[in-house]
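I have placed the structure first, in the form of structure tokens, so that the comments after it can refer back to it.
None of these values were measured; they are calculated from a predicted model. We name chains A, B, ... by the order of the sequence lines, and we start the count at 1 in each one.
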Amino acid sequence: MRNIHALIIFTICCSLGFTAVGCKKFKVGKKNVESIDGLDGVVIDDLDAFPLDDRIDIDGVSEGESSFDTVYFGYDSAQIQPSERSKIESVAEHLNQNRSGGIAVEGHSDERGSREYNLALGERRALAVRAYLIGLGVDGSRIQTKSMGEEDPVSFGHDEESWGANRRSEFVILY
Amino acid sequence: MKRSLYLFSLIGVLVGSHGSAHAQVKVVKAVADKVSIDLSGVKTSAGSGEVFRKTLASDLVRSGWFSKAKKGKGTVTLLGTAENRGGALRAEVRVYGSRSQELFLSQVYKGEGTKARLLAHKAADDIVKAIKGVKGIASTHIIMVGTRTQKKELYVCDADGHHLIQLTKDRSVSVKPRWGPKGQKVTYTSYLKGYPDIYLVDIPSGSRTRLSSEPGLNSGAAISPNGKEVALVLSKDGNPELYIKHLASKRLTRITRTKRAAEASPSWSPEGQKMVYVSDQSGKPQLYVVSRNRGRPQRLTSRGVENVAPDWGKKGWIAYACRVGGRYQICIINPNTREIKQITQGNVDFEDPSWAPDGRHIVCSRTEHYRSSVYILDTLGDSPIRLFSHVGDWFSPAWSPN
């Protein structure tokens with residue numbers, strides 16, 4: 001399954017002319033970080049390449065508050081910003097070292113705008129993180145996405161500081 | 001002065017950026033012609049009889065088609081009695097043309113005294129139908145999300161804001177309820193089982209089933225006018241996209257293919273051949289129309305502003321929330337002519353519009369200083385009315401089809 005994903009990224013990357021950046025030396029696993037960096041935006045934009053696997057039932061499953069750093073996003077954007085990549089890379093490292101269990105990526109938005117649109121935006125943020133993890137060699141079946149839209153803020157102010165804190169993806173370990 | 005500046009900027013955004021002659025924004029001001037009705041001739045007894053009379057009078061004004069006349073001055077005259085005997089209410093209502101003496105309606109309403117409001121709603125709708133020939137809204141319901149218990153639960157009330165009932169006690173998050181075409185079923189998104197799933201509630205029986213629980217996002221469910229299908233947004237294929245689910249066979253048909261965009265909030269055209277929905281494929285959320293047979297989606301709303309939460313009304317106009325001047329306002333657009341009318345104004349946010357079955361009124365949320373309440377708007381110009389003033393935030397209302 002991972003190889004298929006890698007092949008898809010490889011194909012996308014070649015077809016879009018990213019040959020100069022790591023296409024030939026593309027490898028599955030955490031060593032391909034440089035290659036992913038070179039594919040800025042491509043993996044994220046083609047979320048279709050990674051259909052979701054069956055759900056990991058989280059109803060009654062113990063959820064561990066993970067110590068992984070929260071990934072932040074720009075306004076109305078699901079792009080992984082360069083400053084956020086190392087956070088996802090450390091999650092990939094953890095998942096690749098611990099072969100059991102999975103992770104839920106929660107996508108959130110700020111309070112502004114349509115609640116339903118914000119659900120879709122939050123999902124795209126979670127899916128973008130998932131795509132990045134898959135690119136780093138994590139098996140997609142271990143990564144669930146869950147959008148909370150604007151329904152579960154961590155900061156309750158009504159200014160840019162709070163909005164920025166709420167536009168985020170969080171990681172929840174599923175045992 | 002402030003208002004005129006504001007209007008100028010609005011027209012600049014909506015017309016100027018569209019770059020075509022289609023979009024013309026009209027701000028609704030004219031109040032519809034009203035029939036003056038003399039209600040002074042209704043004889044009531046205390047208790048449920050008086051509740052009936054007061055509710056009927058209020059309903060007729062809220063219908064938008066009537067104004068209360070002084071005794072002997074109305075164009076039409078309402079005569080009758082409303083009396084309670086032994087817990088039962090019997091109301092007799094006759095409506096005449098004041099000059100012509102033409103009898104428009106003569107009807108008896110009987111029931112338990114506790115049902116006085118319900119009977120009055122029925123009488124009001126009968127009078128609207130008899131005088132104006134249109135469907136009334138007094139007997140309809142409004143469903144919404146409320147935070148009275150600190151959690152986001154579904155509530156339903158009468159169209160006049162009375163008789164508020166808490167429908168769910170999930171202690172979870174409920175999102176954006178919508179009525180089915182017959183007004184008996186409601187779909188909404190809930191995190192009851194941890195993930196955002198779509199649930200279907202049968203209001204008369206109170207039974208609830210999970211309609212969609214695909215991996216990822218399940219949201220935006222809207223039952224088709226024929227009741228056989230549901231439009232919904234799923235991310236199971238790796239990105240939020242619009243789908244149609246056939247309810248009997250459970251078969252899914254994918255409608256959109258936008259790898260770089262999110263879709264949300266579908267609403268069916270009255271005949272069920274098309275859907276309007278939100279997509280951010282242009283970079284900002286805008287409205288698009290697509291045929292149910294998967295034709296090429298057509299962009300409906302202009303570039304440069306955000307347009308969300310569409311609701312396609314029975315008369316063909318689509319109500320939606322448009323972001324102008326940093327605020328959300330309720331607008332309606334004719335999808336054929338692309339004529340736009342802005343219904344709300346002011347330094348507050350109006351969102352999540354839903355058409356009343358009369359095709360005239362709209363229910364929506366109004367947020368000021370971060371507190372939300374539900375308001376009823378009139379597209380013919382009557383002032384907005386607050387639905388009720390219960391404690392808590394109230395939003396995402398939907399008006400029942402009957």
Side-chain angles (χ1 to χ4, degrees), chain A residues 8 12 41 44-61 63 75-79 104-107 109 111-128 130-131 134 140-141 143-152 156-158 172 174, chain B residues 145 152 172-176 178 189 191-197 213-220 233-242 257-266 277-280 283-285 306-310 320-321 323 326 328 349 351-352 365 367 369-370 395-396:
Chain A
I8 292 165
I12 293 165
I44 295 155
D45 277 343
D46 290 276
L47 294 174
D48 248 9
F50 308 113
L52 292 169
D53 293 274
D54 286 348
R55 274 186 181 172
I56 302 167
D57 192 1
I58 55 175
D59 186 33
V61 173
E63 293 185 12
Y75 178 55
D76 261 357
S77 170
Q79 287 276 350
V105 184
E106 285 188 358
S109 75
E111 64 177 350
R112 294 172 292 171
S114 152
R115 286 174 189 274
E116 265 188 345
Y117 171 69
N118 282 339
L119 273 184
L121 182 60
E123 182 69 6
R124 267 180 67 79
R125 287 174 178 157
L127 287 163
R130 181 174 183 267
I134 290 170
S141 68
I143 315 162
Q144 293 289 306
T145 57
K146 174 183 172 181
S147 176
M148 294 299 297
E150 66 179 88
E151 310 294 342
D152 191 18
F156 294 89
H158 306 292
V172 179
L174 305 171
Chain B
V145 178
K152 289 166 186 152
S172 177
V173 175
S174 303
V175 184
K176 187 78 178 180
R178 290 182 177 85
T189 298
Y191 291 77
L192 202 53
K193 297 284 181 188
Y195 289 111
D197 291 330
S213 54
E214 303 287 345
L217 180 64
N218 301 259
S219 77
V233 172
L234 305 173
S235 66
K236 69 181 186 68
D237 293 324
N239 189 46
E241 302 280 358
L242 180 60
R257 291 180 186 278
T258 55
K259 290 177 181 178
R260 289 157 199 270
E263 275 69 43
S265 303
Y277 62 96
V278 173
S279 175
D280 64 1
K284 286 286 175 188
E306 189 179 305
N307 295 293
V308 291
Y320 59 99
R323 190 172 165 85
Y328 289 92
D349 290 304
E351 294 175 83
D352 279 325
S365 68
T367 306
H369 302 310
Y370 308 101
F395 45 86
S396 304

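For chain A, the option among B:Ser265, B:Ala309, B:Ser279 with the highest count of heavy-atom pairs below 4.5 Å is B:Ser265. When each of A:Ala120, A:Ala126, A:Gly122 is checked for heavy-atom pairs under 4.5 Å with chain B, A:Ala120 comes out on top. Heavy-atom pairs under 4.5 Å with chain A were tallied for B:Ala262, B:Pro285, B:Ala264; the largest tally goes to B:Pro285.
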Discussion item. Side chain to side chain contact (heavy atoms under 4.5 Å, CB included) for A:Glu123 and B:Ser219? Distances and angles first, verdict last.
Written reply: CA-CA 11 Å; A:Glu123 182 69 6; B:Ser219 77; over 6 Å; no
Worksheet entry | Criterion side chain to side chain contact (heavy atoms under 4.5 Å, CB included) on B:Asp280 and A:Asp76, from CA distance to verdict | CA-CA 9 Å; B:Asp280 64 1; A:Asp76 261 357; over 6 Å; no
Practice prompt. I would like to know whether A:Ser114 and B:Val278 meet side chain to side chain contact (heavy atoms under 4.5 Å, CB included); could you show each step before the answer?
Written response: CA-CA 10 Å; A:Ser114 152; B:Val278 173; over 6 Å; no
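The distance from the CG atom of A:Leu127 to the CG atom of B:Asp237 is 11.0 Å, given to the nearest 0.5 Å. Taking NZ of B:Lys236 as the reference point, atom CG of A:Asp53 lies at 12.0 Å (rounded to 0.5 Å). Distance check: B:Ser174 OG to A:Glu151 CD gives 9.0 Å after rounding to the nearest 0.5 Å.
Between the side chain of B:Lys176 and the backbone N or O of A:Arg115 there is no donor-acceptor pair closer than 3.5 Å.
Residues B:Pro196 and A:Lys146 are in side-chain contact: their nearest non-hydrogen atoms beyond the backbone lie under 4.5 Å apart.
Nearest heavy atoms, A:Arg124 versus B:Pro240: CG-CD, 3.6 Å. Residue B:Tyr328 comes nearest to A:Gly113 through the heavy atom pair OH-CA, 3.1 Å, listed as atom of the first residue, atom of the second, then distance. Minimum interatomic distance between A:Leu174 and B:Tyr195 (heavy atoms only, all atoms of both residues): CD1-OH, 4.5 Å. Of all heavy-atom pairs spanning A:Ser147 and B:Leu217, the tightest one is CB-CD1, 4.5 Å.
At a 4.5 Å heavy-atom cutoff, B:Thr367 makes no contact with chain A through either its backbone or its side chain. Proximity to chain B is limited to the side chain of A:Tyr75, based on heavy atoms less than 4.5 angstrom apart. Of the two parts of B:Val233, neither the backbone nor the side chain holds a non-hydrogen atom closer than 4.5 Å to a non-hydrogen atom of chain A.
Comment: B:Glu306 does not engage A:Arg112 in a salt bridge, judged by the lack of any side-chain N to carboxylate O separation of less than 4.0 angstrom.
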